[in-house]
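First comes the structure, then the notes that go with it.
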Amino acid sequence: MSEKDLNEKEGIKTNNFIHQLIDEDLKEGKNDQKVHTRFPPEPNGYLHIGHAKSICLNFGTALKYNGLCNLRFDDTNPSKEDVEYVDSIKEDVHWLGFDWGDREYYASDYFDKLYAFALKLIHEGKAYVDDQSAEEISRQRGTVNVPGHVSPFRDRTIEENLDLFDRMKNGEFEDGSKVLRAKIDMASPNMMFRDPILYRIIKTTHHRTGDKWCIYPMYDFTHGQCDYWEGITHSICTLEFEIHRPLYDWFINQLKDSDYRPRQIEFSRLNLTYTMMSKRKLLELVQKKLVKGWDDPRMPTICGLRRRGYTPESIRNFAERVGITKNDSVVDVALLEHSVREDLNKKVQRVMGVINPLKVVITNYPDGQIEELDAVNNPEDETMGTRKVPFSKELYIEKDDFMENPPRKFFRLSPGREVRLRYAYFITCQEVVKDENGEVVELHCTYDPATKGGNAPDGRKVKSTIHWVSVPTAVEVEVRLYDRLFNVEDPSGDKEHDFKEYLNPGSLTVLPKCYVEPFVKGSKSLDKFQFERLGYFCVDADSTSDKLVLNRTVGLKDAWAKANKN
RNA sequence: UGUCUUGUGGUGUAAUUGGCAACACAUCUGAUUCUGGAUCAGAAGAGUCCAGGUUCGAGCCCUGGCAGGACAACCA
């Protein structure tokens, strides 16, 4: 993928404040004029749309400047991580259209170097082993307004620290009994400098290093160093790490032996209306089985969106559109939905389908006759060709396309009115058949044979065109409609919420008896299409029954919903 | 009573570094079409958090406020 591909969409700006900073760095000749970024997920969950923003930024920036972008797994906490997540992350990044080449790294690749660096700090009197409990350390750290107090173990000798740290590594101590801390400044106004913890003891098998280690470095003691060793020039992360930057720089200063230095730059993470993006909570949804898995189409995960029919292009375009700034913001999910519609509209096959069937009998059409009519696959792209659609005496139309007592602006079928069946004939509704409850169950219509193909030789016009499926050849499918998972505008990530309170009970609607043209079944390669006027659908990848399961990609626009309510 | 950081239509971003606040989404009209989707045309909507200052001229510069966010895991 080239930058040009990424920028194919006219009107979408690809410049942002980070690029301006990079331009300045380049102008000043920093780091040999190189640009090298990295995408550094922790493999403790599946990637979501928020990560997509970061992926597009990091890989996109590398592409823009002819540089490289590494994929690096920040796997320093074995108690939360798993290869399942590693695999899914790789799949999702590739699917989005980015490639890290052979630069797949792991923070755990650097455990030896990190250990050696810790030793160096101890030797220089800049780190010490603290025997206090987590609670004690936390208590003496002070608060944002009051300075902390030094640990009673702060002045251990270098030899003692070396010995203790060695024994920590050798597994002589229990989890939580000792940590290695940097000796910086317990009174610093920046809490990050109050003797940050470098290493802790976790006797858990690591998904890559197994049981080789029982001490693991903390994020702050890992990230910058990894950036440094990989030759990263611009370490782009989200706003919550802003306050870590001075510490990031502090470690780099202890490490660096040349003019080269990576630079941390922060941007604001993506928030979407009606969308909950906290990894912790998404994990909870999966664990509590409130959704069927990480790829449940209601999830904002990349795999969930994929299964729902989103395309990589649409997500990349969306990421460009939301832009990169340091403002805390909440993007309207309608922008995401617009991005898919826009992309799908030009590449997706059109198919006639009926979600809520109403039977129509063409009384003057010959019994048992089936004729094939030509239908265009995509009116905006002739190269997608045409297909044959079978027509017969009995049809299904969409229930919403008929109203017995139409209001003023309803132009579709109603008693006595003539409309066009798309690609077929003009029909006129002659009779409405109801059941004992007064519910409309069937319509009797007549067709005009002269209007075959959809045009009247006498030039008469109809006000609307409706879609249909022929009963004898219809393929029965199950359609799943997914609404927004959360029914509040801003489930604001980090506050404590009861999921039940926010899960929209109507977020999944299963419509078991829907009908589509036989074409759908015959095309194995076809996984996405647009039902005429009913939105975009995607064949569910995991459907086990022989009946086709279709997921609706996006809901209908409000205008349509309103028009239908009348 | 801290450190870092952010304030531009409803939402998200722009503004050639001091020159008529622009674009997209959303909203509302209208037109057109063999899908009321798409498309096309148009409308409404901010005077840039506030108050001063510099300047012929400030969203951009200066001073002082106000409001929001992040930071007190042995998470990342």
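Since we're looking at a predicted model, the values are computed, not measured. Numbers restart at 1 for each chain; the letters A, B, ... are given by sequence-line order, proteins then strands. Because only heavy atoms are used, hydrogens play no part in the values below, and waters and symmetry mates are left out as well, while side chains stay in.
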Quote, to the nearest angstrom, the [atom1] distance that separates [N] from [M].
{"N": "B:A14", "M": "B:A22", "atom1": "C1'", "result": "6 Å"}
{"N": "B:G45", "M": "B:G2", "atom1": "C1'", "result": "41 Å"}
{"N": "B:G53", "M": "B:A41", "atom1": "C1'", "result": "46 Å"}
{"N": "B:U55", "M": "B:G12", "atom1": "C1'", "result": "33 Å"}
{"N": "B:U5", "M": "B:C49", "atom1": "C1'", "result": "16 Å"}
{"N": "B:A67", "M": "B:G59", "atom1": "P", "result": "24 Å"}
{"N": "B:A44", "M": "B:C56", "atom1": "C1'", "result": "34 Å"}
{"N": "B:U48", "M": "B:A31", "atom1": "C1'", "result": "36 Å"}

List the residues meeting ring pair (Phe, Tyr, Trp, His ring centres under 6.0 Å) with [X], not counting sequence neighbours, and say none if there are none.
{"X": "A:Tyr105", "answer": "none"}
{"X": "A:Phe17", "answer": "none"}
{"X": "A:Tyr110", "answer": "A:Trp229"}
{"X": "A:Phe73", "answer": "A:Tyr106"}

Once you apply a heavy-atom cut-off of 4.0 Å, does [X] come out as touching a base, just sugar-phosphate, or nothing?
{"X": "A:Leu421", "answer": "nothing"}
{"X": "A:Arg350", "answer": "base"}
{"X": "A:Tyr423", "answer": "base"}
{"X": "A:Glu266", "answer": "nothing"}
{"X": "A:Glu380", "answer": "base"}

Aromatic centroids of [Y] and [X] separated by under 6.0 Å:
{"X": "A:Tyr216", "Y": "A:Phe111", "answer": "yes"}
{"X": "A:Phe221", "Y": "A:Phe117", "answer": "yes"}
{"X": "A:Tyr199", "Y": "A:Phe165", "answer": "yes"}

Problem set entry | Secondary-structure string, 5' to 3', Watson-Crick or G-U under 3.5 Å, | for another-strand partners, for RNA chain B | .((((((..((((.....[..)))).(((((.......))))).....(((((..]....))))))))))).....
Non-neighbouring partners of [X] that pass side chain to side chain donor-acceptor pair (under 3.5 Å), sequence neighbours left out:
{"X": "A:Arg167", "answer": "A:Asp163, A:Glu172"}
{"X": "A:Glu372", "answer": "none"}
{"X": "A:Tyr85", "answer": "none"}
{"X": "A:Lys183", "answer": "none"}

Name the orientation of the base relative to the sugar in [N]: syn if the glycosidic angle is within 90° of 0, else anti.
{"N": "B:A73", "answer": "syn"}
{"N": "B:G59", "answer": "anti"}
{"N": "B:U16", "answer": "anti"}

Seminar exercise, completed: B/S/- along nucleotides 71-76 of chain B (protein heavy atoms under 4.0 Å) is BBSBSB
Problem set entry | Below 4.0 Å: OP1/OP2 of B:C25 and any side-chain N or O of A:His338 | yes
For this session: Specify the residue among A:Glu24 and A:Asn345 whose closest nucleotide of RNA chain B lies further upstream toward the 5′ end.
Result: A:Glu24
Problem set entry | A:Lys169 to A:Tyr115 six-membered ring, cation-pi geometry met (6.0 Å, 45°) | yes
For this session: Could you list all the salt bridge (Lys or Arg N to Asp or Glu O under 4.0 Å) pairs where at least one residue sits in residues 173-182 of chain A, not counting sequence neighbours?
Result: A:Asp130-A:Arg181, A:Asp131-A:Lys178, A:Glu174-A:Lys203
Quick one: which protein N/O atoms are closer than 3.5 Å to N/O atoms of nucleotides 7-12 of chain B? Pair and distance per line, please.
| residue | atom | partner | partner atom | Å |
| --- | --- | --- | --- | --- |
| B:G7 | O5' | A:Asn327 | OD1 | 3.4 |
| B:U11 | O3' | A:Val330 | O | 3.2 |
| B:U11 | O2' | A:Val330 | O | 3.0 |
| B:G12 | OP1 | A:Val330 | N | 3.2 |
| B:G12 | O3' | A:Ser329 | OG | 3.4 |
| B:G12 | O2' | A:Val322 | O | 2.8 |

Exercise. To the nearest angstrom, how far is A:Asp185 atom CG from B:U3 atom P?
Worked result: 14 Å
Exercise. Quick one: does A:Arg341 reach the base of B:G37 with a side-chain donor-acceptor pair under 3.5 Å?
Worked result: no
